[in-house]
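Counting starts at 1 for both ligands and their atoms, in listed order.
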Amino acid sequence: MTARSRAYLSLMSSTAGRGAVAGLLSLQVVVALMEGLGLTLLVPVMQSLGGDDELRLPGTDATLTLPVAFALVLLVVVVRSLAQWRVAVVSVQIRLATVDALRLRLFDGLLAAEWTYVAGQRRSHVVQRLTTEVERAQTALVMLLRILVAVPILAATVGVAVLLSPLIGGLAAVGLLLATAATRRSVRSATRLGQEMSRGVADLGAAVTDSLASVRLTRAHDAGRAWTDLVEAEASRVRGIRTSFVRRTSAVVAGLAVGVVFAVMVLVVVGRQAGLPFAELAVLVVVASRILATAQGLLGAVQVFANEAPALDQLSDFEREIEQHRQTGSVPGRPQEPAGPQEPLVALRGVTVRYATDGPTVLDDVDLQVPHRGLVTVWGPSGGGKSTLLDVVLGLVPPETGQVLVDGSPLVDLSSWRARVGYVPQQTVLVPGTVRQNLTWSLQPGREVADEDLWAALRTACVDTVVESLPAGLDTPLREIAGLSGGEQQRLCIARALVRDPELLVLDEATSALDTGTEERVLGQLLDGSRAVLLVTHRPAERARADVVAHLADGMLTVGPDTGRS
Ligand SMILES: Nc1ncnc2c1ncn2[C@@H]1O[C@H](COP(=O)(O)OP(=O)(O)OP(=O)(O)O)[C@@H](O)[C@H]1O
């Protein structure tokens, strides 16, 4: 609990700035001092109500007149209100800055992490961490800030009680310490329930995401019941955890209320026995009710903090994991050696890839050359390593042994290399936005493309007439073209890759949904002598027009004339 609070405080300091956090803590001390002073000033006010002529401030020899006492009370309330207002504003600023920074740090880290690590992540778990867990961490922050306000106020209130009656104040302090010790168990159980909650919410999110991903198949097989049952089971687990937490928390807070009311009764009896004057006794009752309210709020905040803070553990572990998989080998800005005229655009030399150290060899001592112009096709059985080969060429998967050479030099500057490449993956990727945004979102920063170049790319990919027929052409929002066929979507993705004006176009079965005639036309236009095309395909007709045909099976690559196997 204390370690987590420290972790949160250091997180807030590192994101919102030490100054802001120190300022917030100072403001909270001001609020607490004003609380204590305000309660102390109630004593002379009570004395005047009791008919005393000489109004005294407890703990001092100072005497006051009623107007002075009222003026001081007013001043204290004004200062306290201003400080509280500032605390509210600064707390929100710190909280939002912290949460946004945390989310962005994770997101950026993930985008820059090694490809094999990113590809191995379950999407629903990543979404859950970047949304639900970050929100839970935010709730924990709200609670921590509430605790940081309540603790000094509680200390100031107990201080006033001690000032009024050291015996009663001392008893109140001891009572609070005992209550704190008694709630340790419930705090531990809140933490355990919070950890279960993280797992429950992750599983619920996964069930919903997976069911949506398979909605077409679910409908076709009329298998919705299977998903509904799973989602209901996961939701009921989450419901159980939440209910159990609220049951325990409320019981502890209610128990505290009973304890404090009993303590107030004891206080009145003890106070009367000790001959405490009416004003002091009345203010002590007010102080006791303030202690009750603050302690109840504090206890509730501590429990919720304990319950939500495991989200921060999850996020910290996730961030550490991402950090361990930070992509290495990229030296941004370092120019590639000038190309020797005889060097291929990209070459693999003795490349071996395994996804796990004790796993199977996916690429085994592979050699391949892609010239600056023309078509290289790769074909072979499913699972033979074709996509992995492309990932190596793209610099996504680093070889365990062997080299990737670009223009004859080892590939070290990944960002320069990627600026020269256009890639169309096996699954089409269209993002929410207009056709234009879909064509341009993956352009290098600062690069502008004229409309005529967009149309040229659409023409080359044989999808220009489809876009022309849309209501607003390039500016048609994607939701209005959700009905694009699989082949039209593939061609749009090819156009997007072409807009980057790549020297190498990497196509992973990117024409698989096209009819033979359209595929022939697209390929013919792509091979206009201005670029190299590296194509994974199962179709003999495409192999027939290739300059290099490579067959990949069980990780072994054979380059040579097409044997006609299919
Ligand atoms: N990220 C990964 N982690 C672990 N294993 C992987 C990963 N990606 C691919 N593999 C495994 O590597 C092998 C080759 O996969 P790859 O996707 O390269 O084959 P492929 O020839 O492109 O298959 P297909 O034609 O079916 O798309 C397969 O056994 C696959 O399970």
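Backbone and side-chain nitrogen or oxygen atoms of Thr116 are examined, and none is located within less than 3.5 angstrom of a nitrogen or oxygen of ligand 1. For ligand 1, the polar-atom distance check against Lys386 finds a nitrogen or oxygen pair separated by under 3.5 Å.
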Checklist entry - Can Ser198 and Glu133 be said to form a side chain to side chain donor-acceptor pair (under 3.5 Å), step by step? => result CA-CA 7 Å; Ser198 287; Glu133 291 301 279; 2.9 Å; yes
Checklist entry - Please walk me through it: do Glu520 and Gln525 pass side chain to side chain contact (heavy atoms under 4.5 Å, CB included)? => result CA-CA 9 Å; Glu520 289 272 302; Gln525 300 193 125; over 6 Å; no
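Remark: the Ser189 side chain and the Arg248 side chain contain an N/O donor-acceptor pair separated by less than 3.5 Å. Gln324 and Glu321 share no side-chain donor-acceptor pair at under 3.5 Å.
For Pro371, the side chain to side chain contact (heavy atoms under 4.5 Å, CB included) test picks out Val376, with sequence neighbours left out.
Considering only non-hydrogen protein atoms, atom 26 (O) of ligand 1 sits nearest to Ser382 OG, 2.7 Å. When only non-hydrogen protein atoms are considered, atom 19 (O) of ligand 1 lies nearest to Gly385 N, 3.3 Å. Among protein heavy atoms, atom 23 (O) of ligand 1 sits closest to Gly383 N, 2.8 Å. Among all protein heavy atoms, the one lying closest to atom 5 (N) of ligand 1 is Tyr355 CD1, 3.3 Å. Scanning the protein heavy atoms around atom 27 (O) of ligand 1, the nearest turns out to be Gln426 NE2, 3.1 Å. Nearest protein heavy-atom contact of atom 16 (P) of ligand 1 is Thr388 OG1, 3.7 Å. Ranking the protein heavy atoms by distance from atom 17 (O) of ligand 1 puts Ser387 CB, 3.7 Å first.
Remark: Leu110 CG to His325 NE2 distance equals 11.5 Å, nearest 0.5 Å.
Shown in contact with Glu509 at under 4.0 Å from a heavy atom are these atoms of ligand 1, numbered in order with element: 25 (O).
Residue-level proximity to ligand 1 for Val362 is carried by the side chain, the only part with a heavy atom below 4.0 angstrom.
Here the closest non-hydrogen pair linking Gly395 and Arg418 is O-NH2, 2.9 Å.
For residues 442-466, the set of pairs meeting the side chain to side chain donor-acceptor pair (under 3.5 Å) definition, not counting sequence neighbours, comprises Arg436-Asp451.
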